[in-house]
2 protein chains.
Amino acid sequence: MTTVDHLRQVRLGNLRTVLLALVDRPGSRADLAARTGLTKATLSNLTEPLLANGILVEEPATLAGMGRPSKPLRFHPDGPVAVGAEINVSHLAVETLGLDGETLRRVLVPTDIRDATSDEVLDRVAELIREIIPARPVLGVGLAVPGVVHDGVLVRAPNLPKLVGAPLAADLGLRLNLDVELDNEANLAALAHLWPRHLAGEDFVHVSADVGIGAGVVLHGEVYRGVSGFAGELGHVVIERNGVRCTCGSRGCVERYAGLDVILREAGRRRLDSLAKALDAGDPKALSAVKAAGEALGVGLATLMNLFDVPTVVLGGSYAVLHEHLSTAIQSEMDARVLAGGERHTTLVASPLGEFAVVRGAAGLVTRRAVQQPERLFA
Amino acid sequence: MTTVDHLRQVRLGNLRTVLLALVDRPGSRADLAARTGLTKATLSNLTEPLLANGILVEEPATLAGMGRPSKPLRFHPDGPVAVGAEINVSHLAVETLGLDGETLRRVLVPTDIRDATSDEVLDRVAELIREIIPARPVLGVGLAVPGVVHDGVLVRAPNLPKLVGAPLAADLGLRLNLDVELDNEANLAALAHLWPRHLAGEDFVHVSADVGIGAGVVLHGEVYRGVSGFAGELGHVVIERNGVRCTCGSRGCVERYAGLDVILREAGRRRLDSLAKALDAGDPKALSAVKAAGEALGVGLATLMNLFDVPTVVLGGSYAVLHEHLSTAIQSEMDARVLAGGERHTTLVASPLGEFAVVRGAAGLVTRRAVQQPERLFA
DNA sequence: GCACTAAGTTCAAGCATTGAACGAATGAGG
DNA sequence: CCTCATTCGTTCAATGCTTGAACTTAGTGC
């Protein structure tokens, strides 16, 4: 490392600080200087190339009180955007997201892709992306998949075995001529609650269910993925060591008691919306199925909280839909089993993001990286 | 932050890099330059104050081959030391540790302190520390306690209720006129395997048992403590949700099946050494008690690994003593229950540190901080 | 004694931030 | 309409750390 590099690091770090402040909200140079602790001089200096490169715009002066009016800076309305894409068992989704955190467009297409080849799926995803891409620079694509990702490769996907091992990121990248980054849907759903807005603090777990149960774990403001991408496999936390046999080879996994397929079967329903209606109608079979699932999930979450010591659980995906009927059982198991559960306040909330959480997180992966490594913005 | 601060940060960062390289092993300026990526000029500059302040010494030139002989730098034999101290239910321990990672002296005194007041305990600890402190500068004291520590306060200690809430760090600090830092014994036992030598990689869990079961979790080379110090409470991971009632209010906690007290009771023994002898003699009751504990612990560890995704488990404390008879059961549960357990290699090893692991970690807390914040060395 | 090699030192150059001084743009008050 | 107060944004010399090249030092090999 040369000295130039050292100083460049300082500059990039400050650039990151400034961009983070701008993601939070727009502001004049003077305002940003106050918020970041840097000087006005440095702010002029740092923002100059951002303005020159069309990343930021200077808005017309706002007339507010005495003194020279400030000219707020914000992300350029024609500046770079990120693309998020989600490949899931029963649907595909895409979204475009600006650096300011605003969604530009989003599309969700129900599609059963269980039997499709990776080429067929990627063709379809690429087509969807092309349809929504605006006439603006594109930073890259975040691609969500329902499975374990390690070193950019899908290494485990019980529900999409055909895609395991396929070079999904590279292949989609070739189709679109863009950088593509692959990640697990649970991690990305969690990220969507962390970036660009903190919806659940800096330490939380996001839990959702489709066929499996996935938890995205956020520790100290970072998604925790573990050494090989397997972190947060809440579905295979054991709650009854001699319990029901699981496809993973273990017994008594949470997934066997609180998976969406189990809930539906026990409730005698085929689809989530039908279950939701039954619950609202007070159907006893539905209510007891959901309660049983909540209890199992609560035991697993208590274990998780005793290990990770995070204060907040966010229910996402199908669990968010059911949360009204699910929360009581979960919370009571957690209160009884989380160490010092009474004094430590454990918060259980439903995700506000709905069915677009994953794809939004996928796009967020890209905007976040752009902000954290500002040199990418000038490429 | 002034510009001076920025530059100082660069310098301190480089100082840290150099000190880390020296903890690894001594080396000449040229050698260190090569290892750290800095230039010889910078190394001369950075080491000058370290030599002037008696942190490092320059050894006589070593005659090795051609060229001007190098003068290796190492930590000064009369340089600053750290003190570790451990308060436990049945013993007190102290240790002095040099920056080079060498233990100077250590003492372990069996003492039942269950009924002692915090003043009595701290008097005793201070006395032990005074006995082993050498005539060298002291960086500070790391103090290990069997309980949950948050913001420097012991907030939960089922086995030492009298010490909960007492200002242990401050009070011991007053007695010795030194900085004292408090931490949980499980975290410190784990730290001892990470610093100053990597004994189990950068991602692992250290598990040990006394009355409770504690896990110290190391993620990406840092001890993970959670938001409120409760992380790694493996003892209260549930393995049978309708199992044995636990003192914590839950049911089926690992601790109720694999705690040392449970093992001893089931084996019909009073003490660990008696159990160890029985095991070596092939006593069936002892063997089956340990096997049962290993199975329960294995289930809990599988759950932990499915959540944290760390590749290595280190058995410490009493478990290290029993590991020969414990490992098989643990490993087989882990292989069966850790997701992709076959392909991911999960390593299970016994700690090489013996009964001084905790106190060594406590001292390591202090040397580690000194290296990571080198400005402390000049105070 | 001389060439060769490698360690360690010296020093001018380069660079990002700073703080103070300065210029710019507006509102308030007369 | 003019002047003063106020705040925004820019300019510029100063600061201090690392660098790389040149240089000095201290050995080996012949």
Side-chain angles (χ1 to χ4, degrees), chain A residues 1-19 21-22 26-52 56-74 374-375 378, chain B residues 1-19 21-22 26-52 56-74 374-375 378:
Chain A
M1 264 210 297
T2 72
T3 191
V4 180
D5 288 338
H6 278 145
L7 291 173
R8 188 100 56 205
Q9 287 309 312
V10 173
R11 185 179 176 84
L12 286 173
N14 288 337
L15 216 40
R16 176 165 57 229
T17 308
V18 171
L19 289 167
L22 279 167
S28 67
R29 295 170 180 82
D31 175 45
L32 290 168
R35 278 155 60 194
T36 59
L38 298 167
T39 59
K40 288 187 294 172
T42 305
L43 253 114
S44 282
N45 187 328
L46 288 173
T47 51
E48 190 273 321
L50 293 172
L51 288 160
L56 301 180
V57 266
E58 191 173 65
E59 293 198 335
T62 53
L63 342 165
M66 276 183 291
R68 173 176 170 177
S70 65
K71 290 179 283 187
L73 306 178
R74 59 160 62 251
E375 65 272 25
F378 302 101
Chain B
M1 267 214 293
T2 72
T3 191
V4 180
D5 287 338
H6 278 146
L7 290 172
R8 187 100 56 207
Q9 286 310 313
V10 172
R11 186 179 176 84
L12 286 173
N14 289 337
L15 216 39
R16 176 165 56 229
T17 308
V18 171
L19 288 166
L22 279 167
S28 67
R29 295 169 181 83
D31 175 44
L32 291 167
R35 279 155 60 193
T36 59
L38 299 166
T39 60
K40 287 186 295 171
T42 305
L43 252 115
S44 282
N45 187 329
L46 289 172
T47 51
E48 191 274 321
L50 293 171
L51 287 160
L56 301 181
V57 268
E58 190 173 66
E59 294 197 335
T62 53
L63 340 164
M66 278 182 290
R68 174 175 169 175
S70 64
K71 290 179 281 186
L73 306 178
R74 58 161 62 252
E375 63 273 25
F378 300 100

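Worth saying up front: this structure is predicted, and the values here are computed from it rather than measured. Order of the sequence lines fixes the chain letters, A, B, ..., with proteins taken first and strands second; residue numbering starts at 1 for each chain. We use all heavy atoms of the structure for the numbers below, so side chains are in, but hydrogens, waters and symmetry mates are not.
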Self-check item: Phosphate OP1/OP2 of C/dA16: any A/Asn45 side-chain N/O under 4.0 Å
Solution: no

Self-check item: Atom-pair distance (CD on B/Gln9; P on D/dT18), nearest Å
Solution: 12 Å

Practice problem: Can you tell me the distance, in whole Å, between the CG atom of A/Leu46 and the C1' atom of C/dT17? | Solution: 9 Å

Quiz prompt | Pairing residues for A/Arg74 by the salt bridge (Lys or Arg N to Asp or Glu O under 4.0 Å) criterion, not counting sequence neighbours | solution = A/Glu59

Quiz prompt | B/Leu46 CG to B/Leu12 CG distance, which is reported to the nearest 0.5 Å | solution = 9.5 Å

Table of protein N/O atoms under 3.5 Å from nucleotides 4-6 of chain D N/O atoms:
unit_1 : atom_1 : unit_2  : atom_2 : d
D/dT6  : O2     : A/Gly67 : N      : 3.3

Quiz item: Excluding sequence neighbours, so at least two apart, what forms side chain to side chain donor-acceptor pair (under 3.5 Å) with A/Glu375?
Solution: none

Quiz item: Does anything in residues 26-47 of chain B pair up under salt bridge (charged side-chain N to carboxylate O under 4.0 Å, His left out), and if so which pairs, sequence neighbours excluded?
Solution: B/Arg29-B/Glu58, B/Asp31-B/Arg35

Exercise. Return the set of residues passing side chain to side chain donor-acceptor pair (under 3.5 Å) with A/Arg68 (not counting sequence neighbours), or none when no residue passes.
Key: none

Quiz item: Can you check the B/Arg11 CZ to D/dG16 C1' distance for me, whole Å?
Solution: 10 Å

Self-check item: Range-with-range stems of DNA chain D (Watson-Crick or G-U pairs under 3.5 Å, three or more in a row)
Solution: C:1-22 with D:9-30, C:24-30 with D:1-7

Self-check item: Which residues share a side chain to side chain donor-acceptor pair (under 3.5 Å) with B/Thr42, sequence neighbours left out
Solution: B/Thr39

Quiz item: Residues two or more places apart in sequence or in another chain: which of them pass side-chain contact (heavy atoms from CB on, under 4.5 Å) with A/Ala34?
Solution: none

Quiz item: Which residues pass the side chain to side chain donor-acceptor pair (under 3.5 Å) test with B/Glu48, sequence neighbours left out?
Solution: none

